[in-house]
2 protein chains.
Amino acid sequence: MSVGKINQERREEILSAALDLAESDGLAAVSLRAIGARVGLTPMALYGYFANKDELLDWLVGRVLREVPPPDPEASWRERLLACARGARAAAHRYPRTFPLLLTRPVVLPEAMRVVDPLYEALLDAGIPDERVAGWERMFSTFVLGFAVSEVSGRFGEGNLGTKERRDRLGPGELPAHHRLGEALDLPVDWDAEFEEGLARLVAMVEEEGARAG
Amino acid sequence: MSVGKINQERREEILSAALDLAESDGLAAVSLRAIGARVGLTPMALYGYFANKDELLDWLVGRVLREVPPPDPEASWRERLLACARGARAAAHRYPRTFPLLLTRPVVLPEAMRVVDPLYEALLDAGIPDERVAGWERMFSTFVLGFAVSEVSGRFGEGNLGTKERRDRLGPGELPAHHRLGEALDLPVDWDAEFEEGLARLVAMVEEEGARAG
DNA sequence: ACCTGAACACCGTTCAAGT
DNA sequence: ACCTGAACACCGTTCAAGT
């Protein structure tokens with residue numbers, strides 16, 4: 001309680017320690033005891049800064065979101081949209097083990113709104129009607145977060161085990177398309193290009209709807 | 001070890017208990033002790049069926065994926081694509097608390113390949129060239145999973161706390177677009193329509209590339 | 001305002017043992 | 001092949017107490 005008087009610097013220090021810990025040892029290693037040890041406090045002292053571990057993780061999401069820089073307001077809506085998307089993906093690359101928290105945890109933080117606001121602004125400037133802006137933002141951020149999380153958490157399955165061996169354990173009768181495609185599935189993936197391609201398609205759709213409406 | 005001889009029925013029973021538990025009490029409540037209690041086993045007995053808790057969760061993902069029905073092979077590629085997407089979202093609605101596991105955990109399971117194979121098939125039938133199929137599948141499943149997870153885990157923030165109150169804690173100076181949009185942000189969301197719209201756009205893009213290439 | 005120490009009810013996992 | 005019981009090194013959280 002009495003939120004206003006709490007030592008903000010110490011809170012930042014705690015969150016940085018949690019972030020370091022998550023990145024070096026994984027999210028599972030983020031315990032109040034381990035964080036406390038890093039900043040020289042007992043685990044119970046942390047309850048002076050956060051109501052509980054869940055709230056600490058919400059603050060951690062905010063900590064990551066703060067590193068997504070706002071776009072240059074002088075730039076075109078198109079450039080601003082691209083900058084937001086690339087900034088978010090860059091944060092995912094910087095904090096690959098922490099970033100998946102963004103998709104799992106509901107975002108009710110001021111930091112989230114500060115990241116979303118320039119998106120709204122850009123969509124409005126593109127000519128999207130008021131009542132369609134929120135929906136476009138959801139589509140946009142779902143793509144960016146979904147892609148970034150999938151990429152950094154290895155959901156697409158590069159390297160866990162050769163795709164080939166896994167494929168061969170189920171015969172062509174069970175996975176006809178996999179076998180028809182053969183080596184085409186083992187081509188190296190250019191994540192940057194794939195992200196940019198999806199992004200360009202989204203921006204083109206925004207432009208089209210904006211032009212049609214405006 | 002000696003994987004072949006293990007009692008498969010019992011394993012299914014264990015996974016169903018884990019799924020029930022996750023849905024009734026949340027993912028955090030899924031412990032080996034709690035699962036064991038539900039099926040009348042000590043937690044240690046579970047190690048006869050799964051190498052560890054992590055592997056159990058992988059099997060749980062497989063359990064959920066098995067409920068995404070394969071599309072009717074007689075249908076058009078377009079209808080098959082739609083059916084896969086809707087089937088996956090339906091599973092998310094059926095298991096809202098378990099489903100987020102799909103995005104976090106790398107999918108290296110035979111069940112995942114069985115779900116993906118019809119997608120490859122449909123993309124090939126749409127005329128997508130071999131080397132582009134995997135990329136399109138990633139785009140498609142990122143949209144479907146990203147949307148479904150965001151929707152069921154409440155990432156879009158309906159109900160956690162009125163959007164209005166949160167907005168007003170930061171002034172119009174900090175969130176200009178939020179304030180410009182005003183009540184347009186508080187409109188009720190039609191998730192079905194929004195999902196279908198995004199889906200239709202994706203399918204249209206597939207069709208266009210397929211026609212251009214074929 | 002900030003921090004500690006002891007305690008409680010949990011975890012996953014290992015090991016030795018039983019049938 | 002399948003299961004148990006005791007033990008180990010952890011958790012988050014509450015409470016009473018200290019400065």
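Lettering follows sequence order; numbering is per chain, from 1. These figures come from a predicted structure and were not determined experimentally.
- Take the nearest nucleotide of DNA chain C for A:Tyr49 and for B:Ala29: the residue whose nucleotide is more 5' is A:Tyr49.
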Could you give me the CA-CA distance, side-chain angles and deciding distance for A:Arg167 and A:Asp186, then say whether salt bridge (Lys or Arg N to Asp or Glu O under 4.0 Å) is met?
CA-CA 11 Å; A:Arg167 197 160 63 226; A:Asp186 301 318; 3.3 Å; yes
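- Each of B:Leu41 and A:Ala51 has a nearest nucleotide on DNA chain D; the 5'-most of these lies closest to B:Leu41.
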Can you list, pair by pair, the side-chain donor-acceptor contacts under 3.5 Å of residues 42-52 of chain A, counting residues two or more places apart and other chains?
residue	atom	partner	partner atom	Å
A:Asn52	OD1	A:Asp54	N	3.2
A:Asn52	OD1	A:Glu55	N	2.9

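- Nucleotide D:dG12 holds its P atom 8 Å from the CD1 atom of A:Ile35, rounded to whole Å.
- Atom CG of A:Asp54 is separated from atom P of D:dG12 by 11 Å (rounded to the nearest Å).
- Checked against side chain to side chain contact (heavy atoms under 4.5 Å, CB included), A:Thr98 has the following partners two or more places apart in sequence or in another chain: A:Leu19, A:Ala22, A:Glu23, A:Leu60, A:Val64, A:Tyr95, A:Leu101.
- Ionic pairing of A:Arg80 and A:Glu121 is not present here: no N-O contact between side-chain nitrogen and carboxylate oxygen is shorter than 4.0 angstrom.
- DNA chain D contains the following stems of three or more consecutive Watson-Crick or G-U pairs, with both distances under 3.5 Å: C:4-8 with D:12-16, C:12-16 with D:4-8.
- Between B:Leu46 atom CG and C:dG12 atom C1' there is a gap of 11 Å when expressed in whole angstrom units.
- At the heavy-atom level, A:Arg33 lies under 4.0 Å from base atoms of the strands shown.
- With 3.5 Å as the limit, one finds no donor-acceptor pair spanning the side chains of B:Glu12 and B:Ser16.
- Distances shorter than 4.0 Å separate some side-chain N or O of A:Arg10 from OP1 or OP2 on C:dC3.
- Heavy atoms of A:Phe50 sit nowhere under 4.0 angstrom from any nucleic acid atom.
- One interatomic measurement links the two molecules: CG of B:Asn52 to C1' of C:dT14, which rounds to 13 Å at whole-angstrom precision.
- We find that CE of A:Met44 is positioned 13 Å from C1' of D:dG18, with the value rounded to whole Å.
- Ring geometry for A:Phe156 against A:Trp191 counts as parallel: the plane angle stays under 30°, on a 0 to 90° scale with 60° as the upper cut.
- Rounded to whole Å, the distance from CG on A:Asp25 to P on D:dC11 is 11 Å.
- We find that CD of B:Gln8 is positioned 14 Å from C1' of D:dC2, with the value rounded to whole Å.
- Atoms CG (B:Leu32) and P (D:dC11) sit 17 Å apart, rounded to a whole Å.
- Closest to the side chain of A:Tyr47, from the set C:dT13, D:dT13, C:dC3, is D:dT13.
- Geometrically, A:Arg89 engages A:Phe195 in a cation-pi contact, judged by NZ or CZ lying under 6.0 Å from the ring centre and within 45° of the ring axis.
- One P atom belongs to C:dC2, the other to D:dA17, and the distance between them is 22 Å to the nearest Å.
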